[in-house]
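Below is one structure, written out as structure tokens; the observations come after it.
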Number of protein chains: 2
Amino acid sequence: MFSKACEYGIKATIFIAVKSLHDQRVSLKEIAEEIDSPVAFTAKILQLLAKSGIVDSHKGPTGGFQMDRTGIDNVKVYDIVCAIDGDKIFNGCGLGLKHCDAEHPCPVHDKFIAIRDNLTTMLQKTSMFELATGLDIGLTQLKR
Amino acid sequence: MFSKACEYGIKATIFIAVKSLHDQRVSLKEIAEEIDSPVAFTAKILQLLAKSGIVDSHKGPTGGFQMDRTGIDNVKVYDIVCAIDGDKIFNGCGLGLKHCDAEHPCPVHDKFIAIRDNLTTMLQKTSMFELATGLDIGLTQLKR
DNA sequence: ATATAAAAAGACCTTTTTATCCTTAAATAA
DNA sequence: TTATTTAAGGATAAAAAGGTCTTTTTATAT
Ligand code: FES
Ligand code: FES
């Protein structure tokens with residue numbers, strides 16, 4: 001469904017959101033431990049998320065990653081997927097035709113876009129705040 | 001969503017079904033032309049589909065690929081995806097946790113399985129017959 | 001029997017994805 | 001100011017996916 005990079009990106013952002021809600025910055029190392037991901041690879045993904053404005057980064061001692069309250073409310077899973085994997089999953093053809101087009105549909109078009117649109121809507125509606133609170137109260141987990 | 005191999009495999013099988021409904025066997029070359037795929041790569045995928053019992057293959061002059069009427073009715077898109085990509089998409093965690101488990105859910109579990117189960121059901125219900133007839137009457141297409 | 005046509009099989013190559021390592025830049029605290 | 005800490009950046013490597021090529025096997029028609 002999503003690339004490894006995207007899975008790590010989503011998990012990292014949720015964790016940063018949790019910590020930010022407690023007014024704590026979090027380091028790359030801590031993130032990689034918490035989401036069980038390769039440190040250097042996670043660094044690349046966080047760089048991209050920082051460039052995309054999804055998270056804030058700060059160098060130096062006491063540095064790390066954080067989100068402000070506006071970001072925690074406004075960033076949706078959809079934004080992270082777009083930033084890392086692009087929007088092909090949201091508007092591409094299920095059978096790989098160059099253009100998904102209702103006028104020239106592939107055999108699975110009608111059935112596929114119904115699912116695809118549900119996925120898109122779900123990801124567009126799901127905010128970091130919602131996912132972070134579920135994790136914070138121990139309802140969900142990022143490892144295993 | 002699906003791998004390239006899987007996209008080619010689904011399109012190839014639909015085309016074989018259309019031809020089989022007209023009692024025609026179809027060669028690798030013809031399939032690759034019709035679905036706009038690399039010939040040698042398509043050969044590998046068809047080998048796998050033949051081994052999986054999804055299509056029948058015959059060597060020699062007048063050889064090629066075909067499906068019997070039972071197969072056309074019974075083979076579902078789901079079966080092709082399982083044969084080529086495996087079942088990870090149908091029961092794996094959306095965030096890549098080792099086990100998708102409602103008792104130990106990841107942050108997106110509830111929302112994700114709703115979509116994932118819809119996809120699974122849709123693919124389990126959609127037969128080659130249904131897709132082949134839509135293609136045969138010109139309602140859908142496999143290229144462009 | 002033999003030439004031919006088609007898929008099967010296996011070795012190989014290329015590109016993309018995933019992952020690591022090392023150096024540089026920036027910020028802080030002493 | 002200087003040592004330290006942390007992210008940024010770039011080069012490289014390993015693994016997986018995507019794709020090609022050549023040889024072998026099997027079936028058919030002449
Ligand atoms: S054309 Fe294939 S999903 Fe729309
Ligand atoms: S645990 Fe992640 S989708 Fe079920």
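Values below: all heavy atoms of this structure, side chains included; hydrogens, waters and symmetry mates excluded. Throughout, protein chains are lettered first and strands after them, A, B, ... in sequence-line order, and every chain is numbered starting at 1.
Taken residue by residue, residues 17-37 of chain A places no heavy atom nearer than 4.0 Å to DNA chain C. For the contact set between residues 51-63 of chain A and DNA chain C, defined by any heavy atom under 4.0 Å, the members are K59(A), G60(A), P61(A), T62(A).
The side-chain contact (heavy atoms from CB on, under 4.5 Å) test applied to K29(B) returns S27(B), E33(B), not counting sequence neighbours. Legend: residues meeting side-chain contact (heavy atoms from CB on, under 4.5 Å) with A5(B), ordered by chain and number and at least two apart, are S3(B), F41(B), I45(B), I84(B). Residues passing the side-chain contact (heavy atoms from CB on, under 4.5 Å) test with A32(A), sequence neighbours excluded: S37(A), V39(A), T42(A). Partners of K4(A) according to the salt bridge (charged side-chain N to carboxylate O under 4.0 Å, His left out) rule, which considers only residues two or more places apart in sequence or in another chain, are E7(A). Every residue was checked against the salt bridge (charged side-chain N to carboxylate O under 4.0 Å, His left out) condition with K76(A), not counting sequence neighbours, and none meets it.
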Check: residues 60-71 of chain A side-chain donor-acceptor pairs under 3.5 Å, at least two apart:
{"residue": "Q66(A)", "atom": "OE1", "partner": "R25(A)", "partner atom": "NE", "Å": "2.5"}
{"residue": "Q66(A)", "atom": "OE1", "partner": "R25(A)", "partner atom": "NH2", "Å": "3.3"}
{"residue": "D68(A)", "atom": "OD1", "partner": "T70(A)", "partner atom": "N", "Å": "3.4"}
{"residue": "D68(A)", "atom": "OD1", "partner": "G71(A)", "partner atom": "N", "Å": "2.7"}
{"residue": "R69(A)", "atom": "NE", "partner": "D73(A)", "partner atom": "OD2", "Å": "3.0"}
{"residue": "R69(A)", "atom": "NH2", "partner": "D73(A)", "partner atom": "OD1", "Å": "3.1"}
{"residue": "R69(A)", "atom": "NH2", "partner": "D73(A)", "partner atom": "OD2", "Å": "3.4"}

Could you pull out every donor-acceptor pair under 3.5 Å between side chains of residues 112-121 of chain A and any protein atom, sequence neighbours left out?
{"residue": "R116(A)", "atom": "NE", "partner": "F90(A)", "partner atom": "O", "Å": "3.2"}
{"residue": "R116(A)", "atom": "NH1", "partner": "G92(A)", "partner atom": "O", "Å": "2.9"}
{"residue": "T120(A)", "atom": "OG1", "partner": "R116(A)", "partner atom": "O", "Å": "2.9"}
{"residue": "T121(A)", "atom": "OG1", "partner": "D117(A)", "partner atom": "O", "Å": "2.9"}

In residues 95-110 of chain A, what donor-acceptor pairs under 3.5 Å come from side-chain atoms, sequence neighbours left out?
{"residue": "D101(A)", "atom": "OD1", "partner": "E103(A)", "partner atom": "N", "Å": "2.8"}
{"residue": "D101(A)", "atom": "OD2", "partner": "H104(A)", "partner atom": "ND1", "Å": "3.0"}

**Prompt:** Can K19(B) and H22(B) be said to form a side-chain contact (heavy atoms from CB on, under 4.5 Å), step by step?
**Reply:** CA-CA 5 Å; K19(B) 288 296 193 174; H22(B) 293 292; 5.7 Å; no
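When rounded to the nearest whole Å, the span between CD1 of I84(B) and P of dG19(D) equals 13 Å. Q47(B) places its CD atom 6 Å from the C1' atom of dA9(C), with the value rounded to the nearest Å. If you measure from atom CZ of F65(A) to atom C1' of dT5(D), you get 13 Å, rounded to the nearest angstrom.
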Pull out every protein N or O sitting under 3.5 Å from an N or O of nucleotides 15-21 of chain C, one pair per line with the distance.
{"residue": "dT18(C)", "atom": "OP1", "partner": "K4(A)", "partner atom": "N", "Å": "3.1"}
{"residue": "dA19(C)", "atom": "OP2", "partner": "Y8(A)", "partner atom": "OH", "Å": "3.2"}

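Within the structure, salt bridge (charged side-chain N to carboxylate O under 4.0 Å, His left out) pairs that include any residue of residues 126-144 of chain A comprise E130(A)-K111(B) (at least two apart or interchain).
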